[in-house]
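Let me begin by presenting the structure, written as structure tokens, before commenting on it.
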There are 2 protein chains.
Amino acid sequence: METTVELLKEHSLKVTPQRLKIIAMLEKHGHLTIDELYRLMLQEFPNVSLATIYKNINQMAETRLIQEVKIPGGKSVYEIVKEPHLHMVCDRCHKVEDIIIGTDKIIKEAETASGYQIQESFITLRGICPDCQKG
Amino acid sequence: METTVELLKEHSLKVTPQRLKIIAMLEKHGHLTIDELYRLMLQEFPNVSLATIYKNINQMAETRLIQEVKIPGGKSVYEIVKEPHLHMVCDRCHKVEDIIIGTDKIIKEAETASGYQIQESFITLRGICPDCQKG
DNA sequence: TCACTAAAAGATAAATTTTTTCCTTAAATT
DNA sequence: AATTTAAGGAAAAAATTTATCTTTTAGTGA
């Protein structure tokens with residue numbers, strides 16, 4: 001398993017406590033908005049500047065350590081880049097989850113229908129999560 | 001074929017020249033950003049306020065006459081609500097296109113994998129359009 | 001380990017984007 | 001046509017994001 005320090009170094013980013021914390025938060029929570037990152041960060045670094053969050057998020061996104069996920073009808077969340085996956089958003093509790101299923105078929109079909117050479121897919125599905133179906 | 005006037009009335013929105021123009025622009029161009037809508041609008045209504053664009057876009061989105069499409073790595077565009085479809089974004093010329101292909105399979109698969117009751121899908125694919133493949 | 005260099009953090013300001021307010025104007029209803 | 005209600009325009013305010021400047025810190029190599 002790769003350490004967070006290694007992850008930063010591989011992306012040519014200096015290892016700072018703030019960056020380690022951002023990654024730790026994303027690893028723990030999966031998906032966080034800028035605002036959520038800032039609030040959580042303040043608990044451990046009371047003097048952190050919001051600019052530090054923005055600068056780091058932008059740098060990590062440029063180096064593709066993390067990735068922005070635009071949420072329909074909501075604020076963008078950020079996640080650590082892993083294998084390609086879909087996003088599920090719950091209408092009730094608004095949580096965002098990853099699911100990993102094959103996208104080859106729909107991409108092939110879209111390539112045929114459109115003539116595009118497709119490089120990447122962004123798929124987000126909105127609905128009711130299993131927890132909220134019960135409650 | 002439904003008229004623009006009827007479209008507005010069905011959504012309980014007053015028929016104003018500005019709204020008719022917004023819809024006409026979206027019907028002509030397919031997908032436009034706030035900024036593009038504002039610039040085009042200024043040509044016909046030199047005194048139009050940017051707030052008018054925002055207020056109308058938000059109202060039309062609430063009544064689901066139009067819909068926001070969040071573009072990965074770009075600004076949101078708006079389109080008139082039609083039948084469900086996918087979006088293709090060209091990496092080179094940055095145009096946004098609709099393609100209509102079945103999404104039942106991937107939605108079924110995602111429902112099985114996640115346990116969600118899926119209500120709506122947002123699928124955007126990034127790649128090179130046929131025109132840019134030639135040029 | 002200690003300096004040196006380059007980059008990051010924090011604070012603040014600036015720029016950008018979006019929303020709100022207030023007043024005037026226009027559309028819908030009777 | 002008169003009344004009611006909502007929309008438009010202008011401006012301010014709020015919210016979000018980026019840039020600037022100075023101080024601090026991490027990485028590098030002697």
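Residue numbers start from 1 in every chain, and the chains themselves are labelled A, B, ... in the order their sequence lines are given, proteins ahead of strands.
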Looking only at N and O atoms, is any donor in the side chain of K9(A) or the base of dG27(D) less than 3.5 Å from an acceptor on the other one? no

I23(B) CD1 to dA7(D) C1': how many Å, rounded? 14 Å

Got a sec: does the NZ of K9(A) have more than 12 other heavy atoms crowding it under 6.0 Å? no

Salt bridge check, K82(A) against D98(A): does any charged N sit closer than 4.0 Å to a carboxylate O? no

If you only use heavy atoms from C-beta on, which nucleotide in dA19(D), dG8(D), dA11(D) is closest to the side chain of A51(B)? dA11(D)

Looking at the side chain of T16(B), which of dA26(D), dA9(C), dA7(D) is the nearest nucleotide? dA7(D)

Check this one for me: any side-chain N or O of Y54(A) less than 4.0 Å away from OP1 or OP2 of dT18(D)? no

Quick check against the 3.5 Å criterion: does R64(A) have a side-chain atom that pairs as donor or acceptor with the backbone of V81(A)? no

Ignoring the backbone of L50(B), work out which of dG27(D), dG9(D), dT18(C) is nearest its side chain. dT18(C)

Are Q18(B) and dG9(D) close enough that a side-chain N or O sits under 4.0 Å from OP1 or OP2? yes

Starting at CD of Q59(B) and ending at C1' of dG8(D), how long is that distance when rounded to a whole Å? 11 Å

Taking only N and O in the side chain of K75(A), is any of them less than 4.0 Å away from OP1 or OP2 of dT16(D)? yes

Which nucleotide sits closest to the side chain of K14(A): dA6(C), dG10(C), dT19(C)? dA6(C)

Any side-chain N or O of S49(B) less than 4.0 Å from the OP1 or OP2 oxygen of dG8(D)? no

Please give, in whole Å, the distance from dA9(C) P to E44(A) CD? 14 Å

Nearest to the side chain of V48(B), which nucleotide is it out of dA9(C), dA11(D), dG9(D)? dG9(D)

Does dT17(D) have its OP1 or OP2 closer than 4.0 Å to a side-chain nitrogen or oxygen of N58(A)? no

Output the rounded distance in Å from CG (N47(B)) to P (dT24(C)). 17 Å

Starting at CZ of F45(A) and ending at P of dG10(C), how long is that distance when rounded to a whole Å? 8 Å

When the distance from CD1 of I34(A) to P of dA15(D) is rounded to whole Å, what number comes out? 17 Å

Whether the E79(A) and H87(A) side chains hold a donor-acceptor pair (N or O, under 3.5 Å, no angle test) is what I'd like checked. yes

Which whole-number value in Å describes the distance from K55(A) NZ to dG10(C) P? 9 Å

Have a look at P17(A) and say if it touches a base, only the backbone sugar-phosphate, or nothing, with a 4.0 Å heavy-atom cut-off. sugar-phosphate

To the nearest angstrom, the OH-P distance between Y38(A) and dA15(D) comes to 14 Å

Are the side chain of Q133(A) and the backbone N or O of I128(A) linked by a donor-acceptor pair below 3.5 Å? yes

